[in-house]
Amino acid sequence: MLVGTRVILVFVARVEISDDAWAVIGPLFPAVGTTGRPPVNRRAVAEATAWRFRTGSPWREVPERFGNWNTIYKNFNRWAEQGVWTRVLEAVQSLTHQRGELDWVTSIDSTIVRVHQHGATLPRATGGSAELQEVRRGTA
């Protein structure tokens with residue numbers, strides 16, 4: 001933006017999580033400890049996580065504006081083990097359901113739901129032929 005003869009740069013911070021959304025989910029994250037390492041910004045970690053999953057990028061490619069990628073990953077992983085992300089999901093679902101804005105319609109296309117390559121060649125113990133023979137013997 002030009003003002004007089006000076007050039008003023010206006011930076012608009014792009015946030016991944018709105019202030020309204022953070023007001024709802026922010027209190028669900030663990031409290032900052034009083035001992036140990038300096039605490040990380042909980043919102044920055046949550047926004048970095050949102051950015052990472054929205055873009056599908058590897059953790060190492062999380063932009064530096066969020067902080068160290070390894071710190072972000074470690075916090076994400078610890079919170080996942082503690083069930084923090086589950087609580088966040090449940091809280092958001094509950095609020096949107098109360099407002100009547102939650103749509104539970106789901107569609108899964110079987111052409112993209114595949115078994116992992118190592119699971120495709122495992123032997124299956126269904127007992128199909130043995131059961132069939134036993135039934136035939138019992139009725140004869």
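- Across Leu28 and Val84, no two heavy atoms sit closer than the pair O-CG1, 3.9 Å.
- None of Phe76, Phe66, Trp51 except one satisfies the ring-ring contact (aromatic ring centres under 6.0 Å, His included) rule with Trp59; the exception is Phe76.
- Residues Trp79 and Val45 have side chains in contact (heavy-atom distance under 4.5 Å, counting atoms from C-beta outward).
- With sequence neighbours left out, the side chain to side chain donor-acceptor pair (under 3.5 Å) criterion links Ser57 to Thr55.
- In this structure, CG in Asn41 is found 12.5 Å from OG1 in Thr71, a value given to the nearest 0.5 Å.
- Closest of all the heavy-atom pairs between Trp22 and Ala46 is CZ3-CB, 3.7 Å.
- Distance check: Arg54 CZ to Thr49 OG1 gives 12.5 Å after rounding to the nearest 0.5 Å.
- Side-chain atoms of Arg43 come within 3.5 Å of backbone atoms of Ile17 as a donor-acceptor pair (strictly under, hydrogens ignored).
- Linking ILVMFWY side-chain heavy atoms closer than 4.5 Å, directly or via other members, places Leu89 and Leu95 in two distinct hydrophobic clusters.
- Between the side chain of Ser94 and the main chain of Glu90, no donor-acceptor pair closer than 3.5 Å is present.
- The CG atom of Asn75 sits 10.0 Å away from atom CG of Asn70, with the distance rounded to the nearest 0.5 Å.
- Remark: of the listed residues Arg60, Glu64, Glu61, Arg52, Arg60 is the sole one forming a side-chain contact (heavy atoms from CB on, under 4.5 Å) with Trp69.
- For Arg87 (side chain) and Phe29 (main-chain N/O), no donor-acceptor pair under 3.5 Å exists by modelled atom type.
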